[in-house]
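To start, the structure itself, in structure tokens.
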Amino acid sequence: MSILNHLLSLDFRFSGFPWLLRHSVQKKRITILMFHQPQPVFFDKALKGLKKRYNIIPFSLYIKALKAPSTILPDRSLILTFDDGWATNFALLPLLIKHQAPVTIFLMAGLTNTRQHPWYYVTKDRPFKESLKKMSDSARIAALKRTGFEEGQIFAERVTLNREEIKAMQKSGLVEFGSHTLTHPILPKCSDSKAAKEIELSKTKTEEFSGIPCNFFSFPNGEYSERDIRLCKKAGYQAAVTLDTGYNTRRTDPFRLKRISVPDNGSISELLVKASGIWAFLKVITGKQKRKRRHSGL
Ligand SMILES: [Zn+2]
């Protein structure tokens, strides 16, 4: 059993530690959560629970604050993001309206409004999936081809949002759209030209869907290199989110924004414990202790 599961089994949510974090470390920091496909019943409860404890703000407000220090951000600012742009996200729109909760959805723009599926969706074999992430991009594509999957392949089921759904979400004024590349490759494994294409063209495509400038980017699998950050800046994005764990401040590098991965279903206790960034906090503490030990020669 992992440490987190141990803590959850003790009903850690009521131990007061997450409360303490929210009212100390998290108070002046900006927390960004990452969902994928939350179940509506769970998400309804999640929004209720999160709204009680945080101030949910649009991603664009935080980016504005990074540029203009006079921009006021509430204490315990929380940003909700969704990676990939799954069709199931559309069912959440009534809940966003009900709770007046702004969110940002990062689209796999090349697969959006099509019946193509992302490569990691076509295999349920976890070790194989993990091995694919470690290969060069061309080796990954070749390995998938051997399983019968080709980029651009059309399936019976549509799994990504379509144009009408994007328009309806945008019309609500509660959903901002960012890019998550065209086809979700692992960017550091891509050639320069492939990475540039995935980063640049997905911006244009997202803008075609939303009708407004696409300013935000999300690195697939949270993986990025210095080159990828350079390409994002060159393409004209204003910010990019990673999966580096932790909280953000008004001085965080806008192209290395930290995010906390949270569950799409299950218990609200687990969601609230994870959203409190307890791991980020423990990491800071253990990191400090390690440094201290190093300095004291132990
Ligand atoms: Zn993704």
Side-chain angles (χ1 to χ4, degrees), residues 32-39 43 59 79-90 92 103-126 128-135 137 140-141 143-144 149 151-153 155 157-162 165-166 169 175-190 194-195 197-203 205-206 209-210 214-225 228-229 231-232 235 237 239-245 255-265 274:
I32 309 179
L33 302 185
M34 177 188 67
F35 292 95
H36 285 94
Q37 302 194 66
Q39 301 301 306
F43 197 60
F59 190 42
I79 296 163
L80 306 181
T81 69
F82 295 72
D83 271 12
D84 304 334
W86 297 100
T88 53
N89 290 172
F90 188 62
L92 306 176
V103 302
T104 294
I105 299 178
F106 293 102
L107 303 174
M108 300 180 286
L111 311 185
T112 301
N113 199 43
T114 73
R115 282 189 286 111
Q116 294 177 45
H117 290 181
W119 61 269
Y120 57 87
Y121 188 75
V122 295
T123 172
K124 298 277 172 278
D125 182 344
R126 237 187 137 81
F128 177 55
K129 223 189 270 189
E130 289 309 310
S131 72
L132 288 170
K133 290 180 188 173
K134 293 183 180 73
M135 293 177 192
D137 192 62
R140 174 183 65 82
I141 290 170
L144 282 162
F149 173 77
E151 301 237 317
Q153 196 173 328
F155 291 81
E157 186 197 4
R158 173 173 64 86
V159 297
T160 53
L161 288 166
N162 68 20
E165 289 163 343
I166 292 171
M169 290 180 113
V175 186
E176 296 177 324
F177 289 94
S179 155
H180 194 41
T181 70
L182 292 168
T183 63
H184 210 284
I186 306 299
L187 285 172
K189 305 287 182 199
C190 293
K194 168 102 185 228
K197 184 180 158 205
E198 290 279 342
I199 290 170
E200 288 165 17
L201 291 189
S202 60
K203 183 176 192 299
K205 274 224 151 230
T206 304
F209 289 126
S210 69
C214 165
N215 297 322
F216 315 129
F217 187 82
S218 165
F219 294 110
N221 212 39
E223 294 187 46
Y224 61 94
S225 64
D228 304 324
I229 289 178
L231 287 171
C232 283
Y237 292 100
V241 290
T242 69
L243 273 177
D244 300 348
T245 313
F255 287 88
R256 284 185 179 79
L257 296 175
K258 295 168 186 157
R259 274 195 306 175
I260 297 170
S261 175
V262 287
D264 287 334
N265 207 350
K274 285 194 171 162

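Remember, it's 1-based here, ligands and their atoms both numbered in the order they're listed. Counting from 1, the numbers follow the sequence of the chain as shown.
Put simply, the side chain of Trp119 never gets that close to the backbone of Ile141: no donor and acceptor are under 3.5 Å apart. Of the possible polar contacts, none joining the Thr160 side chain to the Ala87 backbone as a donor-acceptor pair under 3.5 Å is found. At least one donor-acceptor pair closer than 3.5 Å links the side chain of His180 to the backbone N or O of Ser218. The backbone N or O of Asn162 lies less than 3.5 Å from a partner atom in the side chain of Glu165, making a donor-acceptor pair.
Qualifying salt bridge (Lys or Arg N to Asp or Glu O under 4.0 Å) partners for Lys205, counting only residues two or more places apart in sequence or in other chains: none.
A side-chain N or O of Tyr120 and one of Asp84 form a donor-acceptor pair less than 3.5 Å apart.
Any protein N/O/S atom under 2.8 Å from the Zn ion (ligand 1) was counted, giving 3 altogether.
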